[in-house]
Protein chains: 2
Amino acid sequence: MSNQPVNTKEKILDAARSMILNHGFAGTTVDAVIKQAGVSKGAFFHYFPTKNDLGYVLIQQYAEGDAKHLDGNMEKAEGLSDDPLQQLLIFVKLFEQEMKSLQEPFPGCLFASYLNNSELFDEKILGIIRESMLTWRTRIMDKLEEVIEKYPPRRKVDPESLADMMMVTFEGAFVLSESLEDSQIIAKQLAQYHLHLKLLFEKDE
Amino acid sequence: MSNQPVNTKEKILDAARSMILNHGFAGTTVDAVIKQAGVSKGAFFHYFPTKNDLGYVLIQQYAEGDAKHLDGNMEKAEGLSDDPLQQLLIFVKLFEQEMKSLQEPFPGCLFASYLNNSELFDEKILGIIRESMLTWRTRIMDKLEEVIEKYPPRRKVDPESLADMMMVTFEGAFVLSESLEDSQIIAKQLAQYHLHLKLLFEKDE
DNA sequence: TTTATTATACCGACCAGTTGGTATGTTAAC
DNA sequence: GTTAACATACCAACTGGTCGGTATAATAAA
């Protein structure tokens with residue numbers, strides 16, 4: 001599925017990413033990374049002035065991929081329906097399906113990994129994570145406000161919390177799936193969020 | 001609020017706990033712990049044969065406190081109503097209120113912290129975390145089955161996922177609250193879970 | 001009651017191995 | 001022949017952990 005990296009920098013990045021998700025940033029040594037990547041120490045410090053710079057590049061890449069993923073699925077959902085509620089439900093369903101068809105166990109979220117060592121990182125790195133989350137919040141909140149206007153919710157609801165709930169579902173499900181060694185938990189929890197939205201906004205038949 | 005520890009072992013445990021929540025286990029050095037605790041290196045290794053033994057005692061203590069907290073609030077809820085749905089709703093509300101009245105920022109969850117460095121720990125430690133989560137799942141699921149029998153849910157629902165959702169809400173909200181530096185997110189997300197249960201089981205007026 | 005014995009709770013210098021990082025190459029492309 | 005892309009040997013600081021020793025108190029033998 002994921003193709004092997006050919007160039008040295010990619011090899012380092014790939015090795016570091018997976019090791020950090022399993023050992024945390026502090027628990028991941030430069031020596032272990034270069035061994036796993038099959039490159040020399042000189043190569044490592046040729047591409048990354050310090051270990052922290054590696055951490056910075058990694059989280060930047062991750063945040064970029066995350067934003068693309070968010071945008072991609074939102075656009076896909078918007079292309080499949082004109083109704084804001086349906087768009088939102090499809091949006092959630094797309095992630096649910098991705099998670100359901102997962103082969104290997106979910107590798108984990110780099111945001112959560114970094115946040116669990118937050119005092120090791122500077123504001124620049126923490127800022128990237130915060131911005132990513134605020135992007136999710138804003139993106140979903142905007143859609144939610146369209147939905148609320150068109151479909152008066154069954155109960156008064158705070159759009160911000162309801163938007164946050166999607167990220168909370170992801171992050172929380174990652175933790176449970178790791179501990180209970182059951183990747184399907186993630187899809188199931190997204191299904192619960194999907195149901196929550198339906199219960200709030202859909203008319204009874 | 002929290003009283004200062006008087007004896008050496010408590011001082012070590014307290015210092016280590018808070019440092020691990022901020023730096024992760026690997027990022028927390030013995031030297032840093034003893035400095036923070038104000039004890040000598042000899043004292044540390046007098047009480048804990050290895051650093052990993054410290055980690056074990058910490059997670060054991062944490063799991064014990066967690067179980068007591070779960071039991072305490074469940075019993076309290078069961079004392080306040082005879083109806084299973086009300087009991088469950090009160091149970092959630094109790095946690096919500098605790099989180100709302102939080103003064104300092106929430107310190108974080110040791111389970112999640114350890115899980116983000118899962119490969120650093122042995123099966124004995126990981127097993128404690130898994131068991132704690134399975135206890136939550138079982139405890140809430142049992143209650144949910146009573147609820148489902150008495151109040152046919154508006155939609156067909158998987159009790160296991162619905163039970164897991166409470167832990168997911170906690171763990172996910174911890175991550176968001178850390179990143180966005182807003183402890184109130186935790187209470188707000190618990191309120192969403194509370195709402196989800198109401199929407200599923202309560203009759204419309 | 002005094003004294004010897006033992007256990008507990010610590011102290012801090014020290015150790016071998018590891019850490020992130022550097023210095024000094026070598027090789028190959030442009 | 002300059003520059004980018006590595007490789008290798010090396011370093012000082014730090015790592016978890018050890019070790020010999022001390023202070024205090026409980027216990028037991030005399």
Side-chain angles (χ1 to χ4, degrees), chain A residues 4-61 110 113-114 116-122 124-125, chain B residues 4-61 110 113-114 116-122 124-125:
Chain A
Q4 298 288 78
V6 278
N7 74 85
T8 303
K9 196 172 180 180
E10 281 299 316
K11 278 195 271 188
I12 295 170
L13 254 3
D14 275 25
R17 196 181 306 114
S18 81
M19 296 188 84
I20 289 173
L21 288 171
N22 288 325
H23 306 85
F25 186 77
T28 302
T29 68
V30 174
D31 279 354
V33 169
I34 63 175
K35 192 179 171 187
Q36 169 96 0
V39 305
S40 70
K41 204 155 198 179
F44 182 98
F45 285 101
H46 174 69
Y47 288 108
F48 306 100
T50 69
K51 186 192 172 191
N52 260 291
D53 286 312
L54 195 237
Y56 180 70
V57 171
L58 266 180
I59 203 73
Q60 218 175 6
Q61 278 194 352
L110 212 54
S113 174
Y114 276 43
N116 265 288
N117 305 220
S118 58
E119 286 202 4
L120 301 178
F121 299 106
D122 55 25
K124 207 171 65 173
I125 284 183
Chain B
Q4 298 288 78
V6 278
N7 74 87
T8 304
K9 196 172 180 182
E10 280 300 317
K11 278 195 272 189
I12 295 170
L13 253 4
D14 275 24
R17 194 181 307 113
S18 82
M19 296 187 85
I20 289 173
L21 287 171
N22 288 325
H23 306 85
F25 186 77
T28 301
T29 68
V30 174
D31 280 353
V33 170
I34 63 174
K35 192 179 170 188
Q36 170 95 2
V39 305
S40 70
K41 203 154 202 180
F44 182 98
F45 285 102
H46 173 70
Y47 288 107
F48 306 100
T50 69
K51 187 191 171 192
N52 259 292
D53 286 312
L54 196 234
Y56 179 71
V57 171
L58 266 180
I59 203 73
Q60 218 176 5
Q61 279 194 351
L110 212 53
S113 174
Y114 276 42
N116 266 287
N117 305 218
S118 58
E119 287 202 4
L120 301 178
F121 299 107
D122 54 25
K124 207 172 64 172
I125 284 183

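Just so it is clear: chains get the letters A, B, ... in the order the sequence lines come, proteins before strands, and each one is counted from 1. Below, each value reflects all heavy atoms present in this structure, side chains not excepted, and no hydrogens, waters or symmetry copies.
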**Study point:** Interface with DNA chain C, restricted to residues 15-25 of chain B and to heavy atoms under 4.0 Å
**Key:**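 Those residues whose heavy atoms fall under 4.0 Å from DNA chain C, taken from residues 15-25 of chain B, amount to none.
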Exercise for review: Using a cut-off of strictly less than 4.0 Å between a heavy atom of the residue and any atom of DNA chain D, enumerate the qualifying residues of residues 44-59 of chain B by number.
Suggested key: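 Contacts with DNA chain D under 4.0 Å: F45(B), T50(B), K51(B).
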Check your understanding: What heavy-atom pair brings A43(B) and T8(B) nearest, and what distance separates the two atoms?
Key ->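 Smallest interatomic distance, heavy atoms only, reads CB-CG2, 3.9 Å.
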**Study point:** Nearest heavy atoms of I12(B) and V39(B), plus distance in Å
**Key:**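 Scanning both residues, the minimum pair turns out to be CG1-CG2, 3.8 Å.
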Practice item. Provide the start and end nucleotides, 5' to 3', of the part of DNA chain D that has atoms under 4.0 Å from heavy atoms of chain A. Key: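 Span of nucleotides near chain A: dA5(D) to dT8(D).
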Review point. Considering residues at least two apart in sequence or located in another chain, which fulfil the ring pair (Phe, Tyr, Trp, His ring centres under 6.0 Å) criterion with F44(A)?
Key: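 So F44(A) forms a ring pair (Phe, Tyr, Trp, His ring centres under 6.0 Å) with F48(A).
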**Study point:** Qualifying residues under side-chain hydrogen bond (donor to acceptor under 3.5 Å, both in side chains), relative to K41(B), sequence neighbours excluded
**Key:**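 In terms of side-chain hydrogen bond (donor to acceptor under 3.5 Å, both in side chains), with neighbours along the sequence ignored, K41(B) is linked to D31(B).
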Review point. Under the side-chain hydrogen bond (donor to acceptor under 3.5 Å, both in side chains) test, which residues partner D53(A), sequence neighbours left out?
Key: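 T50(A).
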Please enumerate all protein N or O atoms sitting under 3.5 Å from an N or O of nucleotides 12-15 of chain C, with distances to 0.1 Å.
from    : atom 1 : to     : atom 2 : distance (Å)
dG12(C) : N7     : G42(B) : N      : 3.4
dG12(C) : O6     : G42(B) : N      : 3.2

Point to revise | Protein-nucleotide distance (L120(A), atom CG; dT19(C), atom P), rounded to Å | key: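 Distance, rounded to whole Å: 16 Å.
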Review point. Using the C1' atoms of the five pairs at each end, what is the angle between the end axes of the helix from dT2(C)-dA29(D) to dC30(C)-dG1(D), to 10°?
Key: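 Rounded value for the end-axis angle: 10°.
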Check your understanding: In Å, rounded to the nearest 0.5 Å, how long is the span from NZ of K11(A) to CD1 of I34(A)?
Key ->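 It is 12.5 Å, given to the nearest 0.5 Å.
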Review point. Side chain to side chain contact (heavy atoms under 4.5 Å, CB included) with Y56(A): which residues, sequence neighbours excluded?
Key: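 Checked Y56(A) against side chain to side chain contact (heavy atoms under 4.5 Å, CB included); matches are Q60(A), K124(A), I125(A), I128(A).
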Review item, side-chain donor-acceptor pairs of residues 16-26 of chain A, under 3.5 Å, at least two apart:
from   : atom 1 : to      : atom 2 : distance (Å)
R17(A) : NH1    : D14(A)  : OD1    : 3.2
R17(A) : NH2    : Q61(A)  : OE1    : 3.1
S18(A) : OG     : A15(A)  : O      : 3.3
N22(A) : ND2    : S18(A)  : O      : 3.3
N22(A) : ND2    : E119(B) : OE2    : 3.4
H23(A) : ND1    : M19(A)  : O      : 3.0
H23(A) : NE2    : E119(B) : OE1    : 3.3

**Study point:** Heavy-atom side-chain contact between L13(B) and L58(B) under 4.5 Å
**Key:**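 A side-chain contact under 4.5 Å exists here.
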Check your understanding: Side-chain contact, heavy-atom cut-off 4.5 Å: L120(A) with Y114(A)?
Key ->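 They are not in contact (no side-chain heavy atoms under 4.5 Å apart), so the answer is no.
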